[in-house]
Number of protein chains: 2
Amino acid sequence: MGEKITIRDVAKHAGVSAASVSYVLNGINKVSDETKERILTAVKELNYEPNLTAVSLSKQKSNMIGVMFPLTDDSLSTIFKDNHYYSEMISGIEYVIRKHGYDLVISGASSPADCLKWIRTRNIDGLLFLGAFPHRLYEKMKALSNPIVLVDTYERYERDYHHISVDDEYGGYLATTHLVNLGHKEIAFVAHHLVNSPVDKKRYIGYEKALKEAGITPSKTFVFEVNESSFDNGYNLGNKLLQDHKDIRAVFASSDTLALGIMKALQEKGKKIPQDYSIVGFDDITFSSYASPSLTTIRQDVFNKGVVAATSVIQAIEHRFSTLQHVKLSVELIIRDSTAKRR
Amino acid sequence: MGEKITIRDVAKHAGVSAASVSYVLNGINKVSDETKERILTAVKELNYEPNLTAVSLSKQKSNMIGVMFPLTDDSLSTIFKDNHYYSEMISGIEYVIRKHGYDLVISGASSPADCLKWIRTRNIDGLLFLGAFPHRLYEKMKALSNPIVLVDTYERYERDYHHISVDDEYGGYLATTHLVNLGHKEIAFVAHHLVNSPVDKKRYIGYEKALKEAGITPSKTFVFEVNESSFDNGYNLGNKLLQDHKDIRAVFASSDTLALGIMKALQEKGKKIPQDYSIVGFDDITFSSYASPSLTTIRQDVFNKGVVAATSVIQAIEHRFSTLQHVKLSVELIIRDSTAKRR
DNA sequence: TTGAAAGCGCTAACAG
DNA sequence: CTGTTAGCGCTTTCAA
């Protein structure tokens with residue numbers, strides 16, 4: 001751009017003061033209709049666009065909303081890889097944010113300190129925090145005046161922030177009950193990480209509850225952890241199951257990605273699904289209905305989760321004293337071809 | 001935050017002027033070591049963090065880099081859905097950008113006008129434009145002084161911007177030649193969109209070239225277009241192929257997602273792959289190796305594409321007069337189990 | 001080597 | 001209703 005047009009240029013062009021231009025642009029009803037016209041014309045003619053950086057500084061509000069991803073290793077790719085989950089979520093978030101005139105700034109949190117720094121230095125109006133929430137950030141974050149929405153975080157702190165989640169426990173319950181109803185007793189639970197992933201912990205609780213209700217004693221030997229939700233990890237676990245755990249006849253995996261990897265391993269070794277093994281996933285990613293056999297799973301509407309989360313921050317930003325939101329979205333059992341009666 | 005600490009607080013605390021603090025913080029070597037120490041101590045003690053909005057305004061540089069996604073409909077979800085492609089890319093981009101101390105602002109381009117506006121009003125230092133580049137933006141964008149990197153755009157304008165792509169034409173050629181070498185002659189090409197997707201056009205050229213080299217006359221009846229790269233669209237096309245095009249024995253699809261959808265449809269109707277149909281995809285998404293049968297495909301390193309693109313903008317931002325970059329990354333044929341000799 | 005002062009572009013009391 | 005003015009927090013001449 002050769003020369004940026006400032007509010008003063010507009011003012012001059014319209015023969016008024018910068019203040020009046022500002023009033024008109026901000027919809028502050030202080031200006032006569034006549035001069036308002038003149039100003040709007042000048043804005044058009046000069047093709048003026050306000051400098052948002054200056055606006056931010058002046059208003060102490062950036063109109064930017066940050067999304068912080070949990071960084072496992074150094075890049076986001078481990079998170080996105082094999083995983084429609086965060087992509088879907090960010091779609092929902094971006095959609096709402098743009099509609100409301102905000103911009104979306106994303107960052108992988110390298111360290112809790114960096115994270116905090118980021119919010120403050122960038123003047124982010126609000127923050128969406130996805131996944132596990134580092135304990136040590138808790139106190140410091142609370143000191144910030146900007147609203148923070150935690151998504152999928154179950155911590156003792158959860159009550160102090162806005163919080164969006166899915167009914168993970170019920171999902172685990174649904175999945176397991178489905179298997180139980182099919183006559184299964186030897187049901188493995190495959191988690192991403194039982195301690196680090198609060199979501200998986202909830203699903204596990206549902207799993208346990210379903211077993212107990214059915215009179216089955218949950219056994220630690222039926223619970224497995226992989227490190228990341230990926231096909232590869234599922235695949236490797238599938239092989240491990242075949243070697244070390246011949247008693248298992250059904251698997252409830254904490255993500256479809258994992259479930260599909262497990263399925264692949266079992267099939268490669270000549271096992272039939274659902275005849276030999278019943279498998280249930282979680283999420284209902286698109287591919288689940290395209291796999292052979294198609295995957296029985298717990299569906300959650302991730303796009304909507306993003307929408308709800310983003311809507312929450314924006315509400316919190318705009319009516320500062322709204323009460324804390326705690327939304328738990330529902331899940332649904334989708335029965336497909338990867339589960340069948342125990343034989 | 002209760003009270004933000006400003007540069008003046010630090011100055012007072014250290015018994016110097018704000019200017020000196022600024023010098024030290026910006027590494028401008030004008031200050032005696034002694035006062036420098038004092039200032040740094042004060043910074044530590046007060047836990048001072050500069051306000052980046054103010055810095056941006058003052059320096060006329062935001063340290064933010066924008067990524068603009070092509071919006072087909074109104075939300076990003078059509079783009080991310082079923083599509084690891086953009087997720088991978090953004091992972092690569094985010095990685096580089098964060099390492100260099102920039103922030104990543106993302107947006108779906110609602111309209112060319114909005115897009116332009118966005119760059120100017122937000123004081124974005126540089127822009128990554130993914131996918132098709134709206135013609136009418138051309139002139140206006142060129143007027144911007146900020147560097148713009150186009151990814152996957154083949155337009156007549158491409159030469160005026162930095163440009164990162166993959167050797168799509170060679171990819172198309174490799175895939176088709178592979179099928180030809182297996183004895184296939186009736187090879188369909190399934191594109192996302194031949195006109196709107198410049199990438200697909202290139203792949204088509206490679207396809208055509210390979211056919212010609214093999215003495216096969218390309219026929220328009222073997223070329224198909226779907227609207228979006230999705231499993232569903234592939235699936236529907238697969239069914240169409242079965243109904244209307246019984247002569248076809250091999251398919252080269254412009255994305256793995258499409259290829260897997262097609263495969264599913266064919267399999268459902270009792271067709272064997274690769275015995276009855278040979279199928280080649282493009283991208284090498286993770287799931288391709290987990291499908292049954294595993295998918296032969298053209299691999300491109302999308303994460304790296306993001307890395308290269310981001311590196312380019314940053315270079316361009318930091319050494320303003322660097323020459324335009326035009327990078328074409330390589331592709332690779334990955335032979336798996338979805339292709340076999342024609343019988 | 002240091003600091004005063006004038007911006008960066010916009011907003012918001014406050015006066016008129 | 002309109003304009004003057006003093007910031008927002010930081011940078012950067014320019015003079016001391």
According to the salt bridge (Lys or Arg N to Asp or Glu O under 4.0 Å) rule, which pairs have a member within residues 143-154 of chain B, sequence neighbours left out?
B/Asp152-B/Lys305
Measure from [atom1] on [X] to [atom2] on [N] and round the result to the nearest Å.
| X | N | atom1 | atom2 | value |
| --- | --- | --- | --- | --- |
| A/Lys12 | C/dG9 | NZ | P | 12 Å |
| B/Asn63 | D/dT11 | CG | P | 12 Å |
| A/Tyr23 | C/dT11 | OH | P | 11 Å |
| B/Leu57 | C/dC8 | CG | C1' | 4 Å |
| A/Lys36 | D/dC1 | NZ | P | 11 Å |
| A/Gln60 | C/dA12 | CD | P | 11 Å |
| B/Ile7 | D/dC8 | CD1 | P | 14 Å |
| A/Asn123 | D/dC8 | CG | P | 14 Å |

Which comes earlier along DNA chain C counting from the 5' end, the contact point of B/Asp33 or that of A/Ala19, where each point is its nearest nucleotide?
B/Asp33
Nearest-nucleotide check on DNA chain C, A/Leu52 vs B/Ser20; residue mapping nearer the 5' end is B/Ser20
Pick base, sugar-phosphate or nothing for [X], based on heavy-atom distances below 4.0 Å to the nucleic acid.
| X | result |
| --- | --- |
| B/Thr35 | sugar-phosphate |
| A/Ser32 | sugar-phosphate |
| A/Val16 | sugar-phosphate |

Does a distance-only test, which skips hydrogens and angles, find a donor-acceptor pair under 3.5 Å between the side chain of B/Tyr48 and the base of D/dG9?
no
Side chain of A/Thr53, base of C/dG9: donor and acceptor closer than 3.5 Å?
no
If you only use heavy atoms from C-beta on, which nucleotide in D/dC10, D/dT2, D/dG7 is closest to the side chain of A/Lys30?
D/dT2
Counting only side-chain heavy atoms from C-beta out, which of D/dG9, C/dA4, D/dT11 sits nearest to B/Ser17?
C/dA4
Test side chain to side chain contact (heavy atoms under 4.5 Å, CB included), reference A/Glu34, set A/Arg38, A/Lys36, A/Glu37, output is A/Arg38
Does the B/Asp125 side chain pair with the main chain of B/Ile65, one donor and one acceptor, at a distance under 3.5 Å?
no
Phosphate contact (C/dT11 OP1 or OP2) by A/Asn26 side-chain N/O below 4.0 Å
yes
Can you find a side chain N or O atom of A/Thr6 that sits less than 4.0 Å from OP1 or OP2 on C/dG9?
no
So, for B/Tyr102 and B/Lys61, which heavy atoms are closest and what is the spacing to 0.1 Å?
OH-NZ, 3.1 Å
Please report the C-alpha distance between A/Val67 and A/Ser107 in whole Å, then the side-chain angles of each, then the deciding distance to 0.1 Å, and finally whether the side-chain contact (heavy atoms from CB on, under 4.5 Å) criterion is met.
CA-CA 6 Å; A/Val67 174; A/Ser107 178; over 6 Å; no
